[in-house]
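The block underneath contains the structure these notes are about, expressed in structure tokens.
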Amino acid sequence: MRYIILDRDGVINYESSEYIKSPEEWRAIPGSLEAIATLNRAGYKVLIVTNQSGIARGYYDLATLSDIHEKLVRELAEVGGYIDEIFFCPHHPDEQCSCRKPRVGMLESITQKYPVKLSDTFFIGDSLVDLQAAQTAGCIPLLVLTGNGHKTITNNPELTHISRFANLSAAVDYILSLAIQTSHVSKNN
């Protein structure tokens, strides 16, 4: 079983400095939903890990977050894709919880629930905390330049070794090209 872990805001949907507070504010980045559907067709299970401190800040509640995720799932289904599960951290950064990225609590929850080998799993994000969580947990980090991606690479030049892509679709093309190369190598051995 192959898994891909995705951040949500800035990777799948447009980022907002004002937070995504309603289903109406949630808008998919062009091509992102199709990219997830492509992963599904290639046999990947897709999991989302997302910090949602807007709950702790009082900007929206759990029911609204559920409505936002229902919209994501519905629009994804319209293009033939699905998400296996969405893991989220509702805590404020000041709470110092174990689940808020860059901590790895959500990734540990994934390994408790799914047979995921994190060292073989790509984690696609747009921010420093995504990359830090991926690296700490042993995932293979990929950076997309949508959302906070440009700012992340500009503010953190030490991340030049991290593969980066224009968007989720380009990152998925890369992952699938690696899978094809690996398949050809194993067939030829």
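In this text the structure is predicted, and so the values were computed from the model without any measurement.
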Do you know the tightest heavy-atom contact between [X] and [Y]?
{"X": "D126", "Y": "D9", "answer": "OD1-O, 3.3 Å"}
{"X": "A28", "Y": "Y14", "answer": "O-CE1, 3.6 Å"}
{"X": "S127", "Y": "T152", "answer": "CA-OG1, 3.3 Å"}
{"X": "L168", "Y": "I124", "answer": "CD1-CD1, 3.7 Å"}
{"X": "K21", "Y": "E18", "answer": "NZ-O, 3.0 Å"}
{"X": "T154", "Y": "P157", "answer": "O-CD, 3.9 Å"}

Which distance, rounded to the nearest 0.5 Å, do you find between the [atom1] of [X] and the [atom2] of [Y]?
{"X": "R27", "Y": "E15", "atom1": "CZ", "atom2": "CD", "value": "12.0 Å"}
{"X": "K101", "Y": "L131", "atom1": "NZ", "atom2": "CG", "value": "10.0 Å"}
{"X": "I86", "Y": "L6", "atom1": "CD1", "atom2": "CG", "value": "10.5 Å"}
{"X": "L39", "Y": "E34", "atom1": "CG", "atom2": "CD", "value": "12.0 Å"}
{"X": "S66", "Y": "K71", "atom1": "OG", "atom2": "NZ", "value": "14.5 Å"}
{"X": "C139", "Y": "I4", "atom1": "SG", "atom2": "CD1", "value": "10.0 Å"}

Is it possible for you to say whether [X] and [Y] belong to one hydrophobic cluster, with membership spreading through side-chain heavy-atom contacts below 4.5 Å?
{"X": "F88", "Y": "L107", "result": "no"}
{"X": "V11", "Y": "V79", "result": "yes"}
{"X": "I68", "Y": "I36", "result": "yes"}
{"X": "I140", "Y": "L178", "result": "yes"}
{"X": "F122", "Y": "I162", "result": "no"}

For the pair [X] (side chain) and [Y] (backbone), establish whether a donor and an acceptor sit closer than 3.5 Å, ignoring hydrogens and angles.
{"X": "S98", "Y": "G105", "result": "no"}
{"X": "T136", "Y": "A133", "result": "no"}
{"X": "D61", "Y": "A63", "result": "yes"}
{"X": "T146", "Y": "G10", "result": "yes"}
{"X": "S53", "Y": "A56", "result": "no"}
{"X": "N167", "Y": "A170", "result": "yes"}
{"X": "D84", "Y": "V46", "result": "yes"}

Is the closest side-chain donor-acceptor distance between [X] and [Y] under 3.5 Å?
{"X": "Y19", "Y": "Q52", "result": "no"}
{"X": "R103", "Y": "Q96", "result": "yes"}
{"X": "T64", "Y": "D67", "result": "no"}
{"X": "R100", "Y": "H92", "result": "no"}

Measuring only between side-chain heavy atoms, which start at C-beta, is [X] closer than 4.5 Å to [Y]?
{"X": "L142", "Y": "I175", "value": "yes"}
{"X": "N40", "Y": "T38", "value": "no"}
{"X": "E85", "Y": "I48", "value": "no"}
{"X": "I5", "Y": "T121", "value": "yes"}
{"X": "V144", "Y": "R164", "value": "no"}
{"X": "S109", "Y": "F87", "value": "yes"}

Are L159 and L128 close enough, and set up right, to give a side-chain contact (heavy atoms from CB on, under 4.5 Å), and what steps lead you there?
CA-CA 9 Å; L159 298 175; L128 180 61; 3.8 Å; yes

Evaluate the criterion side-chain contact (heavy atoms from CB on, under 4.5 Å) for residue pair L33 and E75; output intermediate values, then yes/no.
CA-CA 8 Å; L33 299 179; E75 289 189 13; 3.7 Å; yes

Applying side-chain contact (heavy atoms from CB on, under 4.5 Å) to S16 and E25, what does each step give before you reach the verdict?
CA-CA 9 Å; S16 172; E25 292 178 10; 5.5 Å; no

With side-chain contact (heavy atoms from CB on, under 4.5 Å) as the test, would you mind laying out the steps for V49 and L47 before giving the verdict?
CA-CA 7 Å; V49 294; L47 304 166; 5.8 Å; no

Check the orientation of Y174 and F165. Use parallel for under 30°, tilted for 30 to 60°, and perpendicular for over 60°.
tilted

Could you walk me through whether Y3 and Y44 pass the ring pair (Phe, Tyr, Trp, His ring centres under 6.0 Å) check?
CA-CA 5 Å; Y3 292 87; Y44 285 88; 9.1 Å; no

Check ion pair D120-R2 (N to O, under 4.0 angstrom):
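No, no charged N to carboxylate O under 4.0 Å.
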
